[in-house]
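In what follows, a single structure is set out as structure tokens and then discussed.
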Amino acid sequence: MRDPLSVLTDAFTSFLFGKVETTRLPVRTSTGQAQAVYLPTAAPGLGDSGVIIGREVYSGKGYIYDPFQLYGQQLPAPHWLVLGESGNGKSALEKTYVLRQLRFRDRQVVVLDAQGEDGVGEWNLIAEEMGITPIRLDPTAALNHGIRLNPLDPSITTTGQLALLRTIIEVAMGRGLDERSGFALKVAHAYVNETIVERQPVLTDIVEQLRHPEPESAEAMNVALDDVRAWGLDVALVLDRLVDGDLRGMFDGPTTVGIDLDAPLIVFDLSHIDRNSIAMPILMAIVGVWLEHTWIRPDRKKRIFLVEEAWHIINSPFVAQLFQRLLKFGRRLGLSFVAVVHHLSDVVDGAAAKEAAAILKMASTRTIYAQKADEARATGRVLGLPRWAVEIIPTLTPGIAVWDVNGNVQVVKHLITEMERPLVFTDRAMTESASDRADDVLRAAEREAEERAATFVEQRLSDLDDSSESTVA
């Protein structure tokens, strides 16, 4: 029992200050109800340095991502794979990401723009906003002094030129070069580089040398001259397509002077090329190697190489091998390769499954927008996504994606500012309202009426001049 003095002290203290302790009755509840007592928790983010993408859906925190800031700490490689069905926000993400990266002074971006609208690539608006003219590769325009890229440009090393020529031929033929054809190509290339010094060698020179090899080429291998000519015939026919076939004009002359490789944004507009033709992977190979030897330099700049419709690269064994080397080489020089693909099954089940797996392995960042359930499960297996992420991919709404940054998996909503919105949305034909179309029709009618009025006035003035001259006569 407590002593009387303690009881008296407690009573006096309670009278002055109120009761110090309260006795609570025990509460009986379930774990489902009791979880509300605990504060919500969220997985750690990627830091606060870099480019803001949007916000995490479950925690509401801002989501910031930058491969150059994360490389070496949280990322083993700065390369990025973007997947998803059309219309879910891949294009908007790429464009805002590039615009935000370019706010840093030490950034440069090259975009291979394979999609188009209204006769221009979908990056045309952004290029115009930045005062940049896209490099439009178009066989028709090239014939009228358009843009040319020379596979034999002296800025590309001799080894790089030969590797590029082999890749062009192998892509076009759909198979590797045999030893004899490879030998004929090698001696023709060596002879052209040794003898043509007053100008840039071009593909026409290689084709001519393959058709009419020098006797020294045959003597070096102790074979007949006719044999060397026969070995190089198929190679000459393939290269002739770039010289005098449906791809003529783009690669059969010296590189166009004035291509600004120091611009913050360089856009190669490939929208005039048939995406399903053999021309596209050939273009990818030539542009990729040309950039490797002319654009990537050890100058401490951080470079982003973004490729639309990248399955043209990953699905071709020969082009994929070139890009594998580019990715490995570019890692130590600050290159982040961004590949945009609709369906992963397009590449993992294709002819270049081995090469595709190697490139996918290099991509430590994967962003997956909405896909059908079967495609989501296949993607999850290939990329090693957690089950919960695979299950929600088919339910994602446009603008929301699963981000896997070297195992840090989050669901992220991409946010677009009002200033960015008119630059990044390219589906105008599907989204413009009836009133917008009516305004366009009205403005067109007004312009036509003004032109007709001007033509009428000019005609009347001409008639008056003629009548005056007749009167004087």
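Position 1 is the first residue of the sequence; numbering continues from there.
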Separation between [atom1] of [X] and [atom2] of [Y], rounded to the nearest 0.5 Å:
X: Ile359; Y: Phe337; atom1: CD1; atom2: CZ; answer: 6.5 Å
X: Leu125; Y: Met130; atom1: CG; atom2: CE; answer: 13.5 Å
X: Leu322; Y: Thr167; atom1: CG; atom2: OG1; answer: 3.5 Å
X: Gln371; Y: Ile393; atom1: CD; atom2: CD1; answer: 6.0 Å
X: His189; Y: Lys186; atom1: NE2; atom2: NZ; answer: 12.0 Å
X: Glu85; Y: Glu375; atom1: CD; atom2: CD; answer: 7.0 Å

[X] versus [Y]: any side-chain heavy-atom pair under 4.5 Å?
X: Leu396; Y: Asn88; result: no
X: Val82; Y: Tyr97; result: no
X: Asp205; Y: Arg199; result: yes
X: Arg366; Y: Leu83; result: no
X: Ile266; Y: Trp295; result: yes
X: Leu70; Y: Asn406; result: no
X: Leu185; Y: Ile169; result: yes
X: Phe268; Y: Ile147; result: no

On a heavy-atom basis, which atom in [X] and which in [Y] lie closest, and how many Å separate them?
X: Leu203; Y: Leu152; value: N-CD1, 4.0 Å
X: Gly62; Y: Glu56; value: O-OE2, 4.5 Å
X: Thr294; Y: Ser155; value: CG2-OG, 3.0 Å
X: Thr204; Y: Asp252; value: OG1-O, 4.4 Å
X: His342; Y: Ser86; value: CE1-OG, 2.9 Å
X: Met284; Y: Leu112; value: SD-CD1, 3.5 Å

Within 6.0 angstrom of [X] [atom1], more than 12 heavy atoms from elsewhere:
X: Arg105; atom1: CZ; answer: no
X: Arg100; atom1: CZ; answer: yes
X: Glu391; atom1: CD; answer: yes

Run the salt bridge (Lys or Arg N to Asp or Glu O under 4.0 Å) check on Lys95 and Glu122 step by step: do they pass? CA-CA 10 Å; Lys95 291 172 182 173; Glu122 65 171 317; 3.0 Å; yes
Taking the basic N atoms (NZ, or NE/NH1/NH2) and the acidic carboxylate oxygens, is any pair closer than 4.0 Å for Asp66 and Arg107? yes
Ile296 vs Leu326, test: side chain to side chain contact (heavy atoms under 4.5 Å, CB included). Steps then yes/no. CA-CA 10 Å; Ile296 300 175; Leu326 174 63; 3.5 Å; yes
Is [X] reaching over with its side chain to a backbone N or O of [Y], donor-acceptor style, under 3.5 angstrom?
X: Glu170; Y: Leu177; answer: yes
X: Asn150; Y: Pro201; answer: yes
X: Ser181; Y: Trp231; answer: yes
X: Asp113; Y: Val267; answer: no
X: Thr256; Y: Arg148; answer: yes

Partner set under side chain to side chain donor-acceptor pair (under 3.5 Å) for Ser336, not counting sequence neighbours: none
Could I get the full list of ring pair (Phe, Tyr, Trp, His ring centres under 6.0 Å) partners for Trp403, not counting sequence neighbours? Tyr63, Tyr65, Trp80
Would you please test Glu94 and Trp123 for side chain to side chain contact (heavy atoms under 4.5 Å, CB included) and show each step? CA-CA 10 Å; Glu94 300 152 26; Trp123 284 78; 4.2 Å; yes
Before giving the answer on side chain to side chain contact (heavy atoms under 4.5 Å, CB included), spell out for Ile282 and Ile286 the whole-Å C-alpha distance, their side-chain angles and the decisive distance to 0.1 Å. CA-CA 6 Å; Ile282 290 176; Ile286 292 176; 3.9 Å; yes
Can Val98 and Ile126 be said to form a side chain to side chain contact (heavy atoms under 4.5 Å, CB included), step by step? CA-CA 10 Å; Val98 166; Ile126 290 177; 5.8 Å; no
